[in-house]
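Here is the structure we will look at, set down as structure tokens.
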Amino acid sequence: IKTIKNVMTGIQTTVNQSFYWYNSSTGNNKNATQASGAYIFRPNSSNVFPVNVNGNNAKIVSVYESDMVSEVHQYFASWLTQVVRLYKRIPAIELEYTVGPIPVRDGLGKEIISRFNSDLSSDSVWYTDANGREMQKR
């Protein structure tokens, strides 16, 4: 994703999406014993690593067009893919990513994140979807 344009209003913004991973915590330190796991994001440091060693550039595998939707299928790694959907007459973008199985042969657990950078002026306010229930102000 490089830019997003609302075709109804003509408003356009620069957006860059990248996937990264943090090394997950094993929970075996004296300050906290909680390990990373399902529903627990607990990296062992603030160091972040790109998923794709090619600078997070996605390979576009296929593009589908219909009267209802346009889809772009992206490949970031053998274990991370994404489908970008634009529905006709709906002013929204849908991102469906699939992660796994996450490689751990290197002995490192991984906390996967998707990072967006844009030129939007938002006073550091943003919203996330709480698992399809409601938007949460962050």
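Side-chain atoms are counted along with the backbone in the values below, which use heavy atoms only and exclude waters and symmetry mates.
Between Val15 and Ser118 the shortest heavy-atom distance is CG2-CB, 4.1 Å. When all heavy atoms of Arg42 and Glu111 are compared, the pair lying nearest together is N-OE2, 3.4 Å. Of all the heavy atoms in Val51 and Ala77, the pair that sits closest is CG1-CB, 3.9 Å.
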Fill in: Check against side-chain contact (heavy atoms from CB on, under 4.5 Å), Phe116 and Asn16
CA-CA 6 Å; Phe116 292 89; Asn16 181 28; over 6 Å; no
Requested in this report: Take Tyr87 and Glu94 through the side-chain contact (heavy atoms from CB on, under 4.5 Å) test and state the conclusion after the steps.
Outcome: CA-CA 8 Å; Tyr87 293 94; Glu94 180 180 302; 3.3 Å; yes
**Request:** Please assess Thr13 against Thr3 for the test side-chain contact (heavy atoms from CB on, under 4.5 Å), listing each intermediate value before the final yes or no.
**Result:** CA-CA 6 Å; Thr13 188; Thr3 61; over 6 Å; no
For side-chain contact (heavy atoms from CB on, under 4.5 Å), just list the numbers for Gln74 and Val72, CA-CA rounded to whole Å, side-chain angles, deciding distance to a tenth of an Å, and then say yes or no.
CA-CA 6 Å; Gln74 299 175 302; Val72 175; 4.1 Å; yes
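Counting only heavy atoms from C-beta outward, the side chains of Thr98 and Leu80 never approach each other to under 4.5 Å. In this structure, Ile113 and Phe41 have side chains that are in contact, with non-hydrogen atoms separated by less than 4.5 Å. Taking the side chain as every heavy atom from C-beta outward, Pro103 and Trp79 approach each other to under 4.5 Å.
Cluster membership check: Val69 does not share its hydrophobic cluster with Val83, using side-chain heavy-atom separations under 4.5 Å among Ile, Leu, Val, Met, Phe, Trp and Tyr. Cluster annotation: Ile4 and Leu95 are assigned to the same hydrophobic cluster (Ile/Leu/Val/Met/Phe/Trp/Tyr, side-chain heavy-atom contacts under 4.5 Å, transitive).
Residue Met68 holds its CE atom at 12.5 Å from CD of Glu71, rounded to the nearest 0.5 Å. Rounded to the nearest 0.5 Å, atoms OH (Tyr75) and OG (Ser62) are 13.5 Å apart. Interatomic distance, Leu108 CG to Ile102 CD1, rounded to the nearest 0.5 Å: 12.0 Å. Taking OG1 of Thr14 as the start and CG of Asn117 as the end, the distance is 11.0 Å to the nearest 0.5 Å. To the nearest 0.5 Å, the span separating CD1 on Ile93 from CD1 on Ile90 amounts to 13.0 Å.
Proximity of a side-chain donor or acceptor of Asp123 to a complementary backbone N or O of Val125 within less than 3.5 Å is not detected.
Aromatic ring centroids of Phe76 and Tyr97 lie 6.0 Å or more apart.
Between the side chains of Lys88 and Ser70, at least one donor N or O sits under 3.5 Å from an acceptor N or O.
Each of Arg115, Gln82, Lys2 was scored for a side-chain hydrogen bond (donor to acceptor under 3.5 Å, both in side chains) with Gln17, with one residue passing: Gln82. Residue Lys110 forms a side chain to side chain contact (heavy atoms under 4.5 Å, CB included) with just one option from Tyr20, Tyr22, Phe49, Trp21, and that option is Trp21.
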